[in-house]
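The figures that follow rest on heavy atoms only: side chains count, while hydrogens, waters and symmetry mates do not. All ligand and atom numbering here is 1-based and tracks the order in the structure. Predicted model, so just to flag it, every value in this text is computed and none were measured. Position 1 is the first residue of the sequence, and the numbers go up from there.
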Amino acid sequence: MNIDHALTSPYWWDAVTTDASRGQLPEDTDVDVVIIGAGFTGLWCAYYLKTLDPDLRVAVVEKSHVGFGASGRNGGWCHAEYPLGHEQLVEDHGHSAALRHMRALFNSVDDVGRITRKEGIECDYAKGGVLSVARSDLQISYAADEVAEARTFGLGSDDIRLLNGEEAREMLNATEVVGGVWHAHGAAIHPAKLVHGLADVVERLGVTIYDSTEVVEFRQGAVRTVQGMVTAQMVVLATEGYTSQLPEGSRRIVPLYSLMIATEPLPEELWQDIGLSDRQTFADYRNLIIYGQRTADGRFAFGGRGAPYHLGSSIKDRFDIDDGVHTELVRALVELFPQLSSYAVTHRWGGPLGVSRDWRPSVTVDRNGGIAFAGGYVGDGVNTAHMAGQTLAELICGSETERTALPWVNHVWPKWEPEPLRWIGINAGLALARSADRTEKRTGRHSRKADLGLWLRGRSRQRI
Ligand SMILES: Cc1cc2nc3c(=O)[nH]c(=O)nc-3n(C[C@H](O)[C@H](O)[C@H](O)COP(=O)(O)OP(=O)(O)OC[C@H]3O[C@@H](n4cnc5c(N)ncnc54)[C@H](O)[C@@H]3O)c2cc1C
């Protein structure tokens with residue numbers, strides 16, 4: 001198994017049309033709400049705006065095509081995770097608000113399934129949960145701590161469960177698995193089918209989407225694109241990792257790259273050996289994150305971090321491909337499943353996701369100022385963007401729901417450091433995570449380098 005013959009485009013894009021055929025903004029236009037970015041955040045926001053108020057005039061302007069960003073490239077984990085863990089939510093906002101936030105995320109996973117079924121969006125949704133396997137005694141201790149903390153928080157065995165070695169291997173027969181944790185609130189999806197299906201649905205509801213229409217400036221009441229102006233009472237920024245490229249965006253949110261590979265479809269006998277019979281998404285407890293899913297057509301889609309952060313929060317197409325990181329991903333996958341070594345990697349790709357300085361996501365609406373924003377999901381954005389889009393729409397329409405009072409609403413981010421400090425800090429964090437993994441594997445003990453990496457990320461508990 002190697003990357004030599006792999007196509008350098010997202011595997012998911014094989015199933016959809018990515019030719020920007022919706023067309024550009026033809027002339028200056030006036031609407032009620034203009035949304036910048038046709039990913040999950042922007043399209044779910046458009047969907048709920050039209051559901052709440054069918055008469056609203058809504059336009060989406062997209063610099064490339066629907067699903068060009070992370071929403072069309074991700075690992076397809078539609079799961080309920082707060083980037084810093086619920087412990088941080090408790091510390092920041094107290095137990096009751098934290099529990100409400102987590103329950104809302106859990107419900108959101110089900111809502112994605114319910115709405116896609118209702119609207120006829122075929123996106124291979126399968127709610128098999130999320131499996132984190134432990135592959136050493138050290139990782140078993142992380143798994144046990146996670147479940148103990150979840151119980152103290154108020155989650156039951158219907159939400160999260162500790163697995164012994166046999167139970168974990170029954171779900172996923174990877175090498176060295178000695179236990180694990182199963183989280184109920186997660187579904188595997190085909191991200192490009194979901195984002196394109198959603199675009200079709202919002203168009204049917206009367207939303208106009210303009211492809212190949214790049215916003216170069218926004219302010220209260222209007223966005224300026226290369227093709228013309230769109231005036232609107234409310235401007236919604238749904239550009240997540242790409243926000244860094246907009247005026248004044250570079251210290252609000254940084255683009256962190258995540259890279260992926262996909263294998264050819266694997267024979268059914270092999271899947272019977274490997275498992276994932278309910279299409280559970282899976283990861284383990286290493287510091288430098290890896291994530292995978294069994295696709296509906298029987299491939300592994302497998303990704304991980306480790307690609308460098310680029311100076312000045314730069315985003316370029318060529319950063320999607322990194323021979324070193326893609327080779328590492330292949331190595332990690334074969335180490336987990338040596339049976340795969342004779343199968344082909346058919347695709348490799350990558351893309352930027354958005355990280356705020358305090359690693360907390362935010363949904364912010366200034367109704368008087370006419371600007372709204374949601375993002376900073378730190379790689380947990382598939383389900384979170386659904387909840388964010390819904391919350392944005394509710395706040396814009398002035399509705400009060402169980403979501404509009406959640407703690408992330410109107411959370412204000414500190415700014416990232418100026419360069420080159422930002423570059424040094426983030427890349428040092430990545431190097432420390434990689435090095436901590438090597439040390440933990442060698443010694444079987446927790447590495448202090450992992451703690452130093454957490455400190456660099458501002459006490460974030462998130463693995464990187
Ligand atoms: C490789 C990878 C794997 C991931 N895996 C997972 C996962 O398994 N589970 C999970 O929960 N999260 C995952 N994530 C994160 C998740 O995909 C994102 O958080 C989420 O999709 C963000 O959605 P969004 O709509 O906010 O942003 P995006 O999907 O990035 O959409 C932003 C859109 O804005 C457009 N845009 C940018 N600038 C402009 C401009 N100036 N004018 C007009 N349009 C503009 C872009 O072209 C883009 O289409 C992953 C991300 C990546 C990159």
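For ligand 1, the polar-atom distance check finds no N/O of Leu259 at less than 3.5 Å from any of the ligand's N/O atoms. An N or O contact shorter than 3.5 Å is missing between Gly350 and ligand 1 by distance. The shortest N or O to N or O distance between Gly75 and ligand 1 is below 3.5 Å. For a threshold of 3.5 Å applied to N or O pairs, the pair formed by Phe40 and ligand 1 contains at least one separation below that value. The distance criterion of under 3.5 Å between nitrogen or oxygen atoms is met by Ala70 with respect to ligand 1. At a 3.5 angstrom cut-off on N or O pairs, Gly241 does not count as close to ligand 1. Looking at Glu240 next to ligand 1, an N or O pair under 3.5 Å apart turns up.
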- Task: Evaluate the ring-ring contact (aromatic ring centres under 6.0 Å, His included) criterion for residues Trp182 and Phe282: first the C-alpha distance (whole Å), next the side-chain angles of each, then the deciding distance (0.1 Å), finally the verdict.
- Result: CA-CA 9 Å; Trp182 182 75; Phe282 69 93; over 10 Å; no
- Message: Applying ring-ring contact (aromatic ring centres under 6.0 Å, His included) to Phe300 and Tyr343, what does each step give before you reach the verdict?
- Response: CA-CA 11 Å; Phe300 268 110; Tyr343 290 92; over 10 Å; no
- Between Tyr142 and Ser132, is a side chain to side chain donor-acceptor pair (under 3.5 Å) present by the stated rule, with each step listed? CA-CA 10 Å; Tyr142 296 152; Ser132 302; over 6 Å; no
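Trp13 has its ring centre less than 6.0 Å from the ring centre of His65. Proximity of the aromatic rings of Tyr309 and Tyr257 is defined here by a centroid distance below 6.0 angstrom, and this criterion is not met.
Every atom of ligand 1 is numbered from 1 in the order shown, and the set under 4.0 Å from a heavy atom of Val61 is 43 (C), 44 (N). Interface atoms of ligand 1 facing Val382, defined by a heavy-atom separation under 4.0 Å, are 9 (N), 10 (C), 11 (O), 12 (N). Within the listing of ligand 1, atoms 1 (C) sit less than 4.0 angstrom from a heavy atom of Arg73. Here is the list of ligand 1 atoms found below 4.0 Å of a heavy atom in Gly76: 8 (O). The contact set between ligand 1 and Ser258, taken as ligand atoms under 4.0 Å from a residue heavy atom, comprises 1 (C), 2 (C). Those atoms of ligand 1 with a heavy atom of Leu246 less than 4.0 angstrom away are 41 (N).
Atom CD1 of Ile261 and atom CD of Glu328 lie 11.0 Å apart (nearest 0.5 Å).
Both tests pass for Arg73 against the ring of Phe68: distance under 6.0 Å to the centre and angle within 45° of the axis. Taking the ring centre of Trp413 as origin, the terminal cationic atom of Arg357 falls outside the region bounded by 6.0 Å and 45° from the ring axis.
At a heavy-atom cutoff of 4.0 Å, ligand 1 is contacted by the side chain of His79 but not by its backbone. The backbone and the side chain of Asn74 each have at least one atom closer than 4.0 Å to an atom of ligand 1 (non-hydrogen atoms only). Contacts of Tyr291 with ligand 1, taken as heavy-atom pairs under 4.0 Å, involve the side chain alone. At a heavy-atom cutoff of 4.0 Å, ligand 1 is contacted by no atom of Thr225, backbone or side chain. If you look at Thr213 next to ligand 1, the close heavy atoms, those under 4.0 Å, all belong to the backbone. In Trp77, the parts holding a heavy atom less than 4.0 Å from any atom of ligand 1 are both the side chain and the backbone. Residue-level proximity to ligand 1 for Cys78 is absent, since no heavy atom of it falls below 4.0 angstrom.
Nearest to atom 23 (O) of ligand 1 by heavy-atom distance, out of Pro361, Ser71, Gly39, is Ser71. Nearest residue to atom 47 (O) of ligand 1 from His65, Glu62, Glu214, Gln293 is Glu62 (criterion: closest heavy atom).
Nearest approach of Val409 to Leu395, heavy atoms of both residues: CG1-CD1, 3.9 Å. Of all non-hydrogen atoms in Arg348 and Ile3, the two that sit nearest each other are NH1-CD1, 3.5 Å.
Taking the six-membered ring where the residue is Trp, His86 and Phe153 present parallel rings, their angle staying beneath 30° rather than reaching 60°.
Residue contact annotation: Gly303 has no non-hydrogen atom under 4.0 Å from ligand 1. Note on ligand 1: Gly379 sits in its first shell, one or more heavy atoms being nearer than 4.0 Å. The closest approach between a heavy atom of Gly375 and any atom of ligand 1 is not below 4.0 Å.
Protein heavy atom at the shortest distance from atom 42 (N) of ligand 1 is Val215 N, 2.9 Å. Distance from atom 37 (C) of ligand 1 to its nearest protein heavy atom, with residue and atom name: Tyr242 CB, 3.4 Å. Given atom 36 (N) of ligand 1, the protein heavy atom at minimum distance is Thr239 CG2, 3.9 Å. Nearest protein heavy-atom contact of atom 34 (O) of ligand 1 is Gly37 CA, 3.3 Å.
The pair Arg299-Asp297 meets the salt-bridge criterion, since a charged nitrogen lies less than 4.0 angstrom from a carboxylate oxygen. A salt bridge is defined here as a Lys NZ or Arg NE, NH1 or NH2 lying under 4.0 Å from an Asp or Glu carboxylate O, and Arg251 with Glu419 fails to meet this definition.
Using a distance-only test at 3.5 Å, with no hydrogens or angles considered, no donor-acceptor pair links the side chain of Glu203 to the main chain of Leu198.
Screening residues 29-51 for ring pair (Phe, Tyr, Trp, His ring centres under 6.0 Å), with sequence neighbours left out, gives Trp44-Tyr47, Trp44-His386, Tyr48-His386.
Here the side chains of Pro308 and Phe319 are not in contact, with every heavy-atom distance at 4.5 Å or above.
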